[in-house]
Amino acid sequence: MAEAWLPELGADAERTPCPSVLELEELLRAGKASCSHVDEVWPNLFIGDAATANNRFELWKLGITHVLNAAHGGLYCQGGPDFYGSSVSYLGVPAYDLPDFDISTYFSSAADFIHQALSTPGGMI
């Protein structure tokens with residue numbers, strides 16, 4: 001079996017072998033488990049799952065002030081202005097996970113909402 005190598009970073013960089021699948025699995029298992037399914041992808045901008053979006057207490061603990069839901073109106077969506085009340089600004093996009101769904105029609109309104117959230121002092125989306 002041929003060895004895989006990571007690309008060199010410079011002329012003097014040593015060739016480093018790629019980790020095996022087993023080594024990668026061990027690294028993944030070694031990570032600490034988290035009950036929150038949220039990741040900060042940009043300063044004050046988070047991406048999360050439906051369970052977190054539907055958990056007002058978890059959002060409060062995280063300091064989330066804005067929610068952009070790309071699955072509004074879906075089967076598992078509880079969100080909406082009535083659900084969050086005045087503590088969280090909400091924008092729902094009725095997107096469907098279908099190959100022919102054109103989500104691009106919502107890009108401008110979603111970008112404006114994100115910009116508004118990040119421009120708000122203490123805003124977290």
Side-chain angles (χ1 to χ4, degrees):
M1 180 162 116
E3 284 189 58
W5 296 90
L6 294 175
E8 291 186 18
L9 299 175
D12 298 329
E14 291 186 31
R15 291 171 46 118
T16 305
C18 289
S20 69
V21 172
L22 179 62
E23 290 169 321
L24 291 172
E25 287 175 347
E26 288 172 357
L27 283 172
L28 289 172
R29 281 192 215 102
K32 71 176 189 176
S34 172
C35 60
S36 176
H37 303 277
V38 178
D39 292 301
E40 189 170 17
V41 295
W42 190 261
N44 297 333
L45 179 62
F46 297 81
I47 189 167
D49 62 0
T52 303
N54 291 330
N55 185 334
R56 290 177 291 214
F57 181 68
E58 183 70 21
L59 295 175
W60 174 79
K61 286 190 330 187
L62 292 167
I64 301 298
T65 60
H66 295 71
V67 170
L68 171 60
N69 181 354
H72 180 79
L75 182 61
Y76 302 106
C77 173
Q78 296 176 11
D82 294 336
F83 177 77
Y84 294 110
S86 61
S87 62
V88 173
S89 297
Y90 178 85
L91 176 64
V93 173
Y96 297 97
D97 192 10
L98 299 170
D100 60 343
F101 183 79
D102 183 11
I103 196 169
S104 68
T105 59
Y106 299 98
F107 286 176
S108 182
S109 60
D112 290 344
F113 185 76
I114 292 169
H115 178 73
Q116 173 200 2
L118 296 177
S119 298
T120 302
M124 294 177 72
I125 184 166

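Looking at heavy atoms from C-beta onward, Ile114 lies out of side-chain contact with His66 at the 4.5 angstrom threshold. Considering only heavy atoms from C-beta on, Ile47 stays 4.5 Å or farther from Val38 through its side chain.
Among all heavy-atom pairs drawn from Phe113 and Val67, the shortest one is CE2-O, 3.5 Å. Among all heavy-atom pairs drawn from Ala70 and Ala95, the shortest one is O-CB, 3.1 Å. Annotation for Phe46 and Met124: closest pair CE1-CE, 3.1 Å, computed over non-hydrogen atoms. In this structure, Leu68 and Ala110 approach most closely via the heavy-atom pair CD2-CB, 3.9 Å. Considering every non-hydrogen atom in both Tyr84 and Leu59, the closest pair reads CE2-CD1, 3.4 Å.
In this structure, the side chain of Arg56 engages the main chain of Phe83 through a donor-acceptor pair within 3.5 Å. Side-chain atoms of Glu40 come within 3.5 Å of backbone atoms of Asn44 as a donor-acceptor pair (strictly under, hydrogens ignored). Of the possible polar contacts, one joining the Asp102 side chain to the Ser104 backbone as a donor-acceptor pair under 3.5 Å is found. Judged by distance alone, with hydrogens and angles left aside, the side-chain atoms of Asn55 form no donor-acceptor pair with the main-chain N or O of Ala51 at under 3.5 Å.
Rounded to the nearest 0.5 Å, atoms CD1 (Ile125) and OG1 (Thr65) are 7.5 Å apart. Rounded to the nearest 0.5 Å, atoms CD1 (Ile64) and OG1 (Thr52) are 9.5 Å apart. Taking CG of Leu98 as the reference point, atom CD1 of Ile103 lies at 11.5 Å (rounded to 0.5 Å). The line from CG of Asp112 to CZ of Phe107 is 13.5 Å long, rounded to the nearest 0.5 Å. In this structure, the separation between CH2 on Trp60 and CD on Glu58 is 11.0 Å, given to the nearest 0.5 Å. The distance from atom OH of Tyr90 to atom CG of Asn69, rounded to the nearest 0.5 Å, is 3.5 Å.
In this structure, Tyr96 and Phe101 have perpendicular ring planes: the angle between them is above 60°, well past the 30° mark.
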